[in-house]
Amino acid sequence: MANLLANLNERQLAAVTLPPQHALILAGAGSGKTRVLTTRIAWLIQTGQVSPHGVLAVTFTNKAAREMMTRLSAMLPINTRGMWIGTFHGLCNRLLRAHHRDAALPQTFQILDSADQLAAIKRLLKALNVDDEKYPPRNLQFFINGAKDEGLRAKDVEVVDDYNRRFVELYAAYDAQCQREGVVDFAELLLRSHELLERNEPLREHYRNRFRHILVDEFQDTNALQYKWLKQLTGPGNALFAVGDDDQSIYAFRGANVGNMAAFEREFRVANLIKLEQNYRSHGNILDCANHLIRQNASRLGKELWTDAGSGEPVRVHEAVTDSQEAQWLIEEARGLIGEGYLRSDVAVLYRSNAQSRVLEHALFSAGIPYRVYGGLRFFERAEVKHALGYLRLMENPNDDTAFLRVVNFPVRGIGARSIEQLQDAARAANLSLYAAVHVVRGAAAAKLGGFVGLIERLRTETASLALPEAVEHVVERSGLITHYQSEREGQDRIDNLRELVNAAAAFLSEQGIGLDVPANLGVSAPAAAPAGAAGTGTSATHDAATAAVGGVAAADTVAGAAVIDADAMPRTTPLASFLAHASLESGDNQAGEGTDALQLMTVHAAKGLEFDAVFITGLEEGLFPHENSVTEVAGLEEERRLMYVAITRARKRLYLSFSQTRMLHGQTRYSLKSRFIDELPEPTLKWLTPRTGLVGGGFDGRRGGWGGSGAWGARDAGYAAGGPASAGGAASGGVRSADARLAARFDRGLSWRIGQSVAHSRFGEGVIINIEGSGADARVQVNFGREGVKWLALSVAKLEAVG
DNA sequence: TCGGTTCAGAGTATT
DNA sequence: TCTGAACCGA
């Protein structure tokens, strides 16, 4: 045990060895959060306080879950495979598979990813003849997921007006459709699981008895339903160990509720609040910046990072004139880093929004510097892979209309829109799935549709005795997908991906240890013999939607008084069903040259949890970072600030901050002020690589009564007339200006006002002119005042002063 | 059924 | 400016 706890600092040690009570660990960036979490589990097991079987550990991403299991295996000689360590969705899936009857689901229920869900919604709207201009599918999807994340069924949603009532009705119809088809969306996994445990007390008690220790990672990211789910599993005899960092809460937009941290502390009377503030990642100056910045946030629990690593290098700040010049400078700087011995893969380039990557990529590509962009299509989201999965899904669950429509005519087999509409009408009339309705259809379409059903049936029988990878291979071949892509010009990549899917199936099989036994159940209620209702292929799974959808189904498996059967004792679902669930729950890597030594480009969001020797935070401009959509509300601005905090704390040794006076956005040149976040950093830690102007296009010199530079608007001249830029960004296309802007530049009141000029206003403070209209007495200018917003001002009225 | 054209919209994203 | 989705004509 000594070695388990060795090298933990005092706070970490305290957290790891807390008595079995509720605890909230405020874990700052780089403070050893994952280490504490995993060591806590190992310590509990090693000291005999709990068996591996009695631990429930929840994360948000598969990556985090995997890391936890890997680290745990390294600490203890146990098989983590059978432990309940996983994502909220993964664990709920496991629960629902085991108790599918109680949950009123077919055992082979399929999981819809976001794209599938949207397709299902579009189909629903079409079937119900809903005007999708008035009720955009995306909005409905957002509405449904939002409600589910709050734990609300359609019947629970408060109707505020007629428009909203329609959404609620469509929500109910959507749920009914899913139920009919035997599919669940992501949010449904949680909601259904919650409802299951809510109405089935013996089951709830069983799992409460089993999972004495519940541990949650990234608690600040939990939404309302996830918190409810955790509360539900936490009875008087359970200990909930929550680890999180309110300062790194950056997912409010997808339902995360930081308030859950404070709520947890209050509702559970948390006596053990431990702050992990010693940082093992970054040098002092970087942490000073982070601390100083985040201190401007009013709503936070409070925490201050420190390090004994010394202050290190200053934080470098660079001002560029154009976005491409910013990229050019970055390239020079990155070359320097590489020259100093930095690995490219230890250098990250961060930006607020994906669109910003283009300029950077363009410059990097031209410069021949290898780079890797995070994000983008994941393996299981690729069209060809989804097609193959569509066949497999349909074999497993013929009621899955989404899968049916995806592959019924792909590869093309002469089943056109007419035939499908005919089939949809027939299905609706008979309240059957499309698959089941095929035999009802008459006429020309009947033969071809029948042929398709025949194909699926054949695939099912042919693969019945095959192992999973062979079955997948068989389907990939016999579905006609391979042949189809062979005839396509750029089909080879797709064929490779289909082959890769076969490998993925093999890898899945060995990872899951399917066919092997689950680890021994230690201590908890002895499993009864074979439970009822484990057979069946799912064809018979059409439930009564009206009752099932609202969770009113009586528990079938769990009769009062009878022994509750633990999920681990339930027979496993078929390997294919497990694999399909895996494919939905883990969308896979984005396969972009993982191993190569390349510069790492990503959004700040994507960088959360990662760390690099050197980090560039680019595009630090008002309107971009903080994003303009967030600055009008305090909560939004504070989240942006946390995002900046996350960005800063990614850096180990060297941190660069850069911004540009102008940027091409939505096809127009935008003029910006530097981000307020730069002003919120402690001056002494900063080293300006360019003259510290802070204002945009600072070429106007009020004292001289004219423009700096040549008189024609030239960003390069204007920006650095005084000091000269450190970078050799000569290639940058400074001075680009639209014809409109050129026309708009006018003279007024004897002074020259021009786009890009810095001005001061008595009430709004400093800003920059971004547009000019009219002339003479009618002249108006549009000024970006940064935090005061963008205003139109009539020059005849407003008292504007030029700032030089 | 495909391919070219038009049009709106452009923040972040895991499962 | 650029992208993706919807739409229309052959």
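Lettering of chains follows the sequences in order, A, B, ..., and the numbering in each one begins at 1.
Among the protein residues, A/Phe253 comes within range of the nucleic acid bases, having at least one heavy atom under 4.0 Å from a base atom. Across all strands shown, A/Ser584 has no heavy atoms under 4.0 Å from either base or sugar-phosphate atoms. Counting any heavy atom pair closer than 4.0 Å across all strands shown, A/Arg352 reaches a base atom. Counting non-hydrogen atoms under 4.0 angstrom, A/Asn223 reaches nothing in the nucleic acid. Within 4.0 Å of A/Glu640, counting heavy atoms only, lies at least one base atom of the nucleic acid. As judged by a 4.0 angstrom heavy-atom cut-off over every strand, A/Asn354 is placed among residues touching the sugar-phosphate backbone only. Note on A/Lys608: nothing from the nucleic acid sits closer than 4.0 angstrom, heavy atoms only. At a threshold of 4.0 angstrom between heavy atoms, the contacts of A/Tyr251 are confined to the sugar-phosphate backbone, with no base atom among them.
A gap of 24 Å separates the C1' atoms of B/dT14 and C/dT3, to the nearest Å. Remark: the separation of the C1' atoms in B/dG11 and C/dA6 is 24 Å, to the nearest Å.
In this structure, a donor-acceptor pair under 3.5 Å is present between the side chains of A/Tyr374 and A/Gln600. In the model, A/Asn260 has a side-chain atom that pairs as donor or acceptor with a side-chain atom of A/Asn257 under 3.5 Å.
In this structure a side-chain-to-backbone donor-acceptor pair under 3.5 Å is present from A/Gln177 to A/Ala120.
Note on A/Asp132 versus A/Lys126: no salt bridge recorded, every NZ/NE/NH1/NH2 to OD/OE distance being 4.0 Å or above.
Residue pairs meeting the salt bridge (charged side-chain N to carboxylate O under 4.0 Å, His left out) criterion with at least one member in residues 635-649 of chain A, sequence neighbours excluded, are A/Arg352-A/Glu640, A/Glu639-A/Arg642, A/Arg641-A/Glu680.
A tilted orientation is assigned to the rings of A/Phe219 and A/Phe264, their planes being inclined by 30° to 60°. Ring pair A/Trp229/A/Phe88 is perpendicular by interplanar angle, where above 60° counts as perpendicular and below 30° as parallel. Taking the six-membered ring for Trp and thresholds of 30 and 60 degrees, A/Tyr207 and A/Phe211 have nearly parallel ring planes, at less than 30 degrees apart.
Along DNA chain B, the stretch of nucleotides lying under 4.0 Å from any heavy atom of chain A spans, 5' to 3', B/dT1 to B/dT15. For DNA chain C, the outermost nucleotides in 5' to 3' order that have an atom under 4.0 Å from a heavy atom of chain A are C/dT1 to C/dA6.
Comparing A/Ala355 and A/Phe186 against DNA chain B, the residue whose closest nucleotide sits nearer the 5' end is A/Ala355. Along DNA chain B, the nucleotide nearest A/Asn409 and the nucleotide nearest A/Asn62 are compared for position; the residue whose nucleotide lies closer to the 5' end is A/Asn409.
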> What do the steps show when you test A/Lys148 against A/Ile144 for side-chain contact (heavy atoms from CB on, under 4.5 Å), and what is the final call?
Replying inline: CA-CA 6 Å; A/Lys148 288 191 180 186; A/Ile144 291 171; 3.8 Å; yes

